[in-house]
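A short write-up of the structure that comes next.
All chains are named by letter (A, B, ...) in the order of the sequence lines, taking the proteins before the strands, and each is independently numbered beginning at 1. What you see below is based on every heavy atom in this structure, not just the backbone, and it leaves out hydrogens, waters and symmetry mates. What you are looking at is a predicted structure, and each value in this text was computed from that prediction instead of being measured.
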There are 2 protein chains.
Amino acid sequence: MNAPVSAPALTKNQSLVFDVLTRSDAPMSAYTILDKLRDNGFRAPLQVYRALDKLLEFGMVHRLESLNAFVACAHPESECCGHGHGHGSVAFAICESCGHVSEFHDHEVDHRLSDWAKHKGFKPAKTTIEIRGLCSVCAA
Amino acid sequence: MNAPVSAPALTKNQSLVFDVLTRSDAPMSAYTILDKLRDNGFRAPLQVYRALDKLLEFGMVHRLESLNAFVACAHPESECCGHGHGHGSVAFAICESCGHVSEFHDHEVDHRLSDWAKHKGFKPAKTTIEIRGLCSVCAA
DNA sequence: CAATTGATGTAATAACATTACATATTAAAA
DNA sequence: TTTTAATATGTAATGTTATTACATCAATTG
């Protein structure tokens, strides 16, 4: 019932999808992943979506809602303040020019949002924070 | 070249779409809006998307990225701290049970995110903050 | 008036995601 | 070990969201 604490064993399809995402330097849509895996026997979107569902559940992949795309989690394996893979919310800065995505945490942001929720009696399940704009390289 | 400061004149289609969204107590997808407006002569998705594009540009409507849906902006016409319709980022709490959406601002969150951006040389264009979970009524 | 601009109408297609159903593999219980 | 249950896989069809392309109409402006 608990989320796996360390890297869970991945099935063949999960590994293939995770590898493709890990090698990519930009987010990929499910259909782009599918195309990359045709040679590995992938034929249908569902093969990708099923693998992604598990990887999301394991916290190894994130979905970027504003892009309908996916990235491998950029965390170092485990982090100072109990982040690792069981962390609260993650924020993303997405460059609209080069596609690069930076993943970061901000405790104060987390805190402010959960304070708001507590005050309103709202029970958060998942928080999305995405900043779209231009990265330092592209802005120059 | 500037965004309109007060309510711009809306075209027929823009008014129809805005009215439908305003009357709704939950977010609506473009296709749901289309269905509501069949009797008003709407026949194609593009009629809705074009109106939504303008309403988004005017700041009268928000897109909920995690839902692929739209809501009328909930701001009182103009706000204490210069929000009105030219505000920075807006956050949403979305109830996954009843569909209700609460719109709110948090200056500290804005501040932390723009500090991060400044520090990284990232130029933000649009920020998405969406908390999905259960509202106080549904959580009870 | 001609020319430009913005709004509209319609059809077709692209992009993203899920349902349904059949089969195979793996793991656990008897 | 055999049965059973749970998980993973394969495939097709369909559903949902969004855009491209092209034609027309209306308002403005030079």
Side-chain angles (χ1 to χ4, degrees), chain A residues 1-4 8-21 24 26-58 60-71 94 96 99 128 130 132, chain B residues 1-4 8-18 20-21 24 26-58 60-71 94 96 99 126 128 130 132:
Chain A
M1 180 182 269
N2 291 326
L10 298 183
T11 66
K12 181 161 168 275
N13 286 2
Q14 289 160 17
S15 295
L16 287 167
V17 169
F18 185 65
D19 285 357
V20 165
L21 277 178
S24 173
M28 300 178 80
S29 76
Y31 279 74
T32 304
I33 295 169
L34 174 58
D35 285 340
K36 290 278 185 194
L37 291 176
R38 296 266 180 209
D39 293 345
N40 297 274
F42 274 51
R43 310 296 311 272
L46 196 49
Q47 295 175 287
V48 176
Y49 283 111
R50 285 202 274 228
L52 285 172
D53 282 347
K54 285 298 183 183
L55 294 168
L56 288 165
E57 184 184 322
F58 299 156
M60 299 173 68
V61 160
H62 300 292
R63 177 185 168 83
L64 300 176
E65 300 290 352
S66 69
L67 246 39
N68 294 330
F70 304 84
V71 286
I94 302 167
E96 297 186 310
T128 297
E130 298 176 15
R132 301 194 44 180
Chain B
M1 183 183 268
N2 291 326
L10 299 183
T11 66
K12 180 159 169 277
N13 286 2
Q14 290 161 15
S15 295
L16 287 167
V17 169
F18 185 65
V20 165
L21 277 177
S24 173
M28 300 178 81
S29 76
Y31 280 77
T32 303
I33 295 168
L34 175 57
D35 286 340
K36 291 279 184 193
L37 292 176
R38 296 267 179 210
D39 294 344
N40 297 275
F42 275 51
R43 310 296 311 272
L46 197 50
Q47 295 175 288
V48 177
Y49 283 111
R50 286 203 275 228
L52 285 172
D53 282 348
K54 286 297 182 186
L55 293 169
L56 287 165
E57 183 184 324
F58 299 155
M60 298 173 68
V61 159
H62 299 292
R63 176 185 169 83
L64 299 176
E65 299 290 351
S66 69
L67 246 39
N68 294 329
F70 304 84
V71 287
I94 302 166
E96 298 187 308
K126 170 142 203 296
T128 297
E130 298 177 14
R132 303 198 37 182

Do [X] and [Y] make a side-chain contact, defined as non-hydrogen atoms from C-beta onward lying under 4.5 Å apart?
X: Phe42(B); Y: Ile33(B); answer: no
X: Val48(B); Y: Tyr31(B); answer: no
X: Leu37(B); Y: Gln47(B); answer: no

DNA chain C: 5'-proximal contact among Asp53(A) and Lys12(B) (nearest heavy atom):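 Its nucleotide being nearer the 5' end, the pick is Lys12(B).
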Whichever of Gln14(A) and Arg50(B) has its nearest DNA chain D nucleotide further upstream toward 5':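 Between the two, 5'-proximity favours Gln14(A).
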Closest to side chain of Leu46(A), choosing from dT19(C), dC16(C), dT8(C):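 Given the options dT19(C), dC16(C), dT8(C), the side chain of Leu46(A) is closest to dT19(C).
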Bounds of contact between DNA chain D and chain A, in 5' to 3' order, using a heavy-atom cut-off under 4.0 Å: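 Range of nucleotides within reach of chain A: dA8(D) to dT11(D).
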Thr11(B) side chain near dT8(C) phosphate (N/O to OP1/OP2, under 4.0 Å):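 Result: yes.
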Thr128(A) and Glu65(A) side chains, donor-acceptor separation under 3.5 Å: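 There is no such pair between these side chains.
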For atom CG of Asn13(A) and atom P of dT26(C), their distance in whole Å: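 It works out to 13 Å between those atoms.
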Length of the CG-P vector between Leu52(A) and dA17(C), whole Å: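 Computing the Leu52(A):CG to dA17(C):P distance gives 9 Å.
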Residue Lys12(B) excluded, over 12 heavy atoms near NZ under 6.0 Å: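 Counting neighbours around NZ of Lys12(B), 12 or fewer heavy atoms of other residues, nucleotides or ligands fall under 6.0 Å, so no.
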Under 3.5 Å donor-acceptor, Arg50(B) side chain and Asn13(B) backbone: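 No, because the side chain of Arg50(B) does not come within donor-acceptor range (under 3.5 Å) of the backbone of Asn13(B).
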Residues that Asp53(B) engages under salt bridge (Lys or Arg N to Asp or Glu O under 4.0 Å), provided they are two or more places apart: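 Expected list: none.
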Closest non-hydrogen atom pair between Gly99(A) and Ala26(A), with its separation: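 Heavy atoms of Gly99(A) and Ala26(A) come nearest at O-CB, 3.8 Å.
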Stretch residues 29-45 of chain A: residues that reach within less than 4.0 Å of DNA chain C through a heavy atom: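 Per residue number, the list reads Ser29(A), Tyr31(A).
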